[in-house]
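We count ligands from 1, going down the list as the structure has it; atoms in each ligand are counted the same way.
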Amino acid sequence: RTQILLIILCVLVLLSTGLWSFLPRSCRCLALDCPCSHSGLSSVPSVPAQTRTLDLDYNQITEIQRQDLGSLWELRVLTIHANRLTRIDPRAFSGLWNLKELDLSQNLLSALDHHWFNRLGALEILKLHRNPYKCLGSRPLFQSLVRLRVLSFGGDSLEDVRVSDLRGVGRLERLRVDANGLKRYDSGALAQIWPLDHVTLSLRSPFALNQTLASALLHDVSDPQTHLTLENLNLSSNRSVLPLREAAQRRVRHISFHNVFVTDATTVKLLEVTDGAPITSISLSNSTLSGVGSWEKARWTDHMSLDEVFVKDIVLLNNFEFTAFLSLSFLLQFPRKISLINTKVFVTPCLNLEFFDLSENLLTDMTLTETLCAGAGVLKGLRVLNISANAIKSLSLISRMVTRLTKLTHLDISRNSLTFMPQSCPWPQSLRFLNMSRTKFTSATSCLPPTLQVLDLSYNDLERLLVVLPALRELHLSGNKLLTLPPGWLFPNLQTLTVQMNTLNVFTHSDLVSFPRLQNFQAGLNKFSCSCDFVPFFQSLSDGEINITLTDGIHNYFCDSPLHLQGAPLSLVRRSFSECRHVLLVSICCGLVLVFLTCLGVVLWKVHAFWYLEMIFVWLRAKQKRRKRERKRREDGDTEDRPLVTFDAFVSYSERDSAWVDNYLLPELEPEPRPEPRPEPGPDSGPGPEPLRLCLHRRDFLPGRWIMDNIVIAIESSRRTLFVLSHNFVRSDWCKYELDFTHFQCLEGNCREDAAILVLLEPLHHDDVPKRFCRLRRLLTSTTYLQWPQDPDLRGQFWTSLRQALSPDQDQD
Ligand SMILES: *[C@@H]1O[C@H](CO)[C@@H](O)[C@H](O)[C@H]1NC(C)=O
Ligand SMILES: *[C@@H]1O[C@H](CO)[C@@H](O)[C@H](O)[C@H]1NC(C)=O
Ligand SMILES: *[C@@H]1O[C@H](CO)[C@@H](O)[C@H](O)[C@H]1NC(C)=O
Ligand SMILES: *[C@@H]1O[C@H](CO)[C@@H](O)[C@H](O)[C@H]1NC(C)=O
Ligand SMILES: *[C@@H]1O[C@H](CO)[C@@H](O)[C@H](O)[C@H]1NC(C)=O
Ligand SMILES: *[C@@H]1O[C@H](CO)[C@@H](O)[C@H](O)[C@H]1NC(C)=O
Ligand SMILES: *[C@@H]1O[C@H](CO)[C@@H](O)[C@H](O)[C@H]1NC(C)=O
């Protein structure tokens, strides 16, 4: 049965997953934005009707049906880049009157339909490139797109561009045509678009195979105002360079090559072809040069108009034979701006430039000296020098090389392994901008030029910065090891300060206001200690209470401590009163507890609790000792059940009343010479008043034994306890113990009702007895007591009564 159940379960799981993949998956929209890229969608999801932006890039959508987008009147941007679109309903976009941008690039559309764009009068940006259509269609596609500014079309399959294809397209800012496989081009097809700001043409096979065709194309788009970019060219044959003559003749001024393959021979050819052309800026990026840089054959050519050369990310196939640009000075003498970025340059000829970017190359201390003409001041006009990310090690060398460049304002020496900063360095007076980020400095000294306005020292190992820079407006110190902000008086003109990713715990109001002009502040991603002072200050800062803006956004600020707040966004943290004022709180609590304890103490003292406690303690101890005694006795083999009672009465009296006891009590009750201590009680009956055995502490207590034990034993071994009450008695503590022990014994159940006998030596009202002796007070009110008569005649009666009360016969009753 379990097998059947399992099978059913499997079937259910399969069904549900199958259903799940068939269901149109939706995406989450944020307000009017629906960012649904990379969502695995296989069809257009349904989104709210007010949606403005719908991003469906990188999904698996194959088809757009008529109703998919029908109701999105408000849609402004629709991008379906990199999907699998093969079919779009002719009227799919007919409701999108407000659409400004439509991206259908990198799909599988094998034909374009002019119906799609009929209603898109507001469209400004249309991207159709990288689709496998062969031509743009039989009817002009773009006629109704009167506002079009940016257009891209083509793909590796595009073979044919006709005159009518671009009819209706007027002024464009940017045009991109991917025509790597173009076979047929009607002259003038692109000429109608005029003027163009930027045109990008990808023309691999026209340049390689049909230069006539490429020339015709370049003829149509080239213009002095147009920035021409050519991509994906293989200029390995002399012929392939020829179309560029057309561009040169059309007086193109800005030309860029991207992703191009060239050789020494074709470079020479290119220089020849463009001889005398007014090209002012030339750019070459992500390209491969197969050659050694021997271009002297073109030395005769004229490129005087060349003003700006930008070369970036070049692969030199013969890197080690490359002549290191030294032989290129004939070409490089004209431009004012040269960028040779990531091109494995290790040395350049001494050039007179205004802007020189040699970042991400192989310059060393030695070759830098040559490149900068040994600091002789030849590069008099140099304003910007960028030698970021090279292999330079000495900061003092750099400063010596540039110190005579009297116009130098920007110097970027970031990402070198400089490490050591000398105490002082010569700098040109003109220097305003210095980038020293990621240079491994551990300390900053007064080597820093005081003329600086912008200083980037981020991502070093600085622990402090104590250099006066009076002109500084921007200071970047992110990624260091600062524990505190640098003091503001060092930078009286500072407006921007970034100290992200340091080890700052807090910054205070006085820290910030010590910078008189600070406006922009970035300190996120530090390990903030969310103390009770810092949190409210930070929140007041982010609320704009101080004239300083946290330009990196409050979402970059997190607590690191205390532990329970670690990782919490600082702007949302709330510290409660109890957390923040805990010193105060603890002292209040302690005070309260102290007051309470004092009150309690006073109260307890008032009710004599301590006295009672002491009493109980003493009693318990005495009892414990007694038990021990008994155990010992039993262990000694004394199994005989010795009767405990050996006295008729234990007399409890105050020492001050001992006269009465000695003079009256003893002679009366123990008239005979005292019997042996603790004799065996026997039926010792004789004529006359029988002598009683009294226990007197003075006489019968064992010396050397603890007095409490003595009392307890005495009480236990006496039949009764006779209390001789007087004011002295009330004042004596020992007597009180004795009284109370009797009471305790009664509580334990081994005493009799009349175990206590009271004799009043003097009239004693129960109010005379202190309140804590409640037992005595109660006895005085409840029990009858014997009053010692002052009149000697009445004493006979007293003794009779006392004797009777004490007599052992009473027990038998
Ligand atoms: C080169 O292109 C032109 C213009 O489209 C065409 O007339 C010519 O036949 C092509 N030549 C070759 C060899 O394909
Ligand atoms: C360019 O073409 C030549 C021959 O025509 C070929 O050897 C070379 O590999 C090609 N280069 C690239 C980058 O396609
Ligand atoms: C290309 O032209 C140069 C002269 O400019 C010539 O030396 C070279 O042989 C030519 N190469 C080819 C393949 O025609
Ligand atoms: C750079 O060139 C390589 C071929 O050399 C190419 O594969 C790559 O896509 C290019 N990168 C860009 C950004 O064009
Ligand atoms: C220097 O070059 C680097 C890397 O190319 C770049 O990030 C930096 O902005 C450049 N600096 C200047 C001042 O142009
Ligand atoms: C300084 O150089 C670094 C790395 O080259 C760069 O990221 C940073 O933006 C530059 N700083 C400034 C202020 O331009
Ligand atoms: C805040 O800064 C602006 C300039 O950024 C200044 O005009 C304004 O007076 C400042 N306000 C205060 C209160 O300092």
Can you confirm whether Val311 sits close enough to Ile341 that some side-chain heavy atom of one is under 4.5 Å from a side-chain heavy atom of the other?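 Val311 does not reach Ile341 side chain to side chain.
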Out of Asn234, Val260, Val262, whose heavy atom sits nearest atom 1 (C) of ligand 2?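 Ranked by closest heavy atom to atom 1 (C) of ligand 2, first place is Asn234.
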To atom 3 (C) of ligand 2, the nearest of Ser240, Ala208, Ser290, Ser236 on a heavy-atom basis is Ser236
Check Thr212 against ligand 1 and report side chain, backbone, both or neither, counting heavy atoms closer than 4.0 Å.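 Neither part.
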Region of Arg415 engaging ligand 6 - heavy atom pairs below 4.0 Å: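 Looking at Arg415 and ligand 6, just side chain atoms fall under 4.0 Å.
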Contact atoms of ligand 6, heavy-atom distance to Ser388 under 4.0 Å: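 Those qualifying, in numeric order: 5 (O).
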Report, in ascending order of atom number, the atoms of ligand 6 lying under 4.0 Å from any heavy atom of Ser437.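 Close to Ser437: 1 (C), 2 (O), 3 (C), 4 (C).
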Examine Tyr557 together with Phe528 and report whether their ring centres are nearer than 6.0 Å.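 Ring centroids of Tyr557 and Phe528 are less than 6.0 Å from each other.
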Check: Phe521 ring centre within less than 6.0 Å of Phe507 ring centre: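 Yes: the rings meet the under 6.0 Å criterion.
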The test is side-chain contact (heavy atoms from CB on, under 4.5 Å); show your working for Leu483 and Leu504 and say whether it passes. CA-CA 5 Å; Leu483 283 168; Leu504 287 186; 5.9 Å; no
Do me a favour and list the nearest non-hydrogen protein atom to [atom] with residue, atom name and distance?
{"atom": "atom 11 (N) of ligand 6", "result": "Asp456 OD2, 2.7 Å"}
{"atom": "atom 2 (O) of ligand 6", "result": "Asn435 ND2, 2.3 Å"}
{"atom": "atom 14 (O) of ligand 6", "result": "Phe433 CZ, 3.7 Å"}
{"atom": "atom 13 (C) of ligand 1", "result": "Asn210 ND2, 4.3 Å"}
{"atom": "atom 5 (O) of ligand 6", "result": "Ser414 OG, 3.0 Å"}
{"atom": "atom 4 (C) of ligand 1", "result": "Tyr185 O, 4.2 Å"}

Which heavy atom of Leu331 sits nearest a heavy atom of His303, and at what distance?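 Distance-wise, the nearest heavy atoms are CD1-ND1, 4.0 Å.
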For Leu457 versus Leu477, what's the shortest heavy-atom pair and its separation?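 Taking every non-hydrogen atom into account, CB-CD2, 3.8 Å.
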Just verifying a value: how many Å separate Ile392 CD1 and Met401 CE, rounded to the nearest 0.5 Å? 11.0 Å
Give the numbers and elements of all ligand 2 atoms closer than 4.0 Å to a heavy atom of Phe261.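 Listed by number with element: 11 (N), 13 (C).
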Are Glu246 and His219 close enough that a side-chain donor and a side-chain acceptor fall under 3.5 Å?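 Short answer, yes.
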If we count only non-hydrogen protein atoms and require a distance under 4.0 Å, does atom 9 (O) of ligand 2 qualify as touching the protein? no
side-chain contact (heavy atoms from CB on, under 4.5 Å) for Asp357 and Leu340? Distances and angles first, verdict last. CA-CA 6 Å; Asp357 188 344; Leu340 302 171; over 6 Å; no
Listed partners of Arg184 passing salt bridge (charged side-chain N to carboxylate O under 4.0 Å, His left out), at least two apart: Asp160, Asp186
Contacting atoms of ligand 1, where contact means under 4.0 angstrom from a heavy atom of Arg184: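 So the answer, numbered in order with elements, is 5 (O).
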Find all atoms of ligand 1 within a distance of less than 4.0 Å from any non-hydrogen atom belonging to Leu213, and give their numbers and elements.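 Ligand 1 atoms under the 4.0 Å threshold to Leu213: 2 (O), 5 (O).
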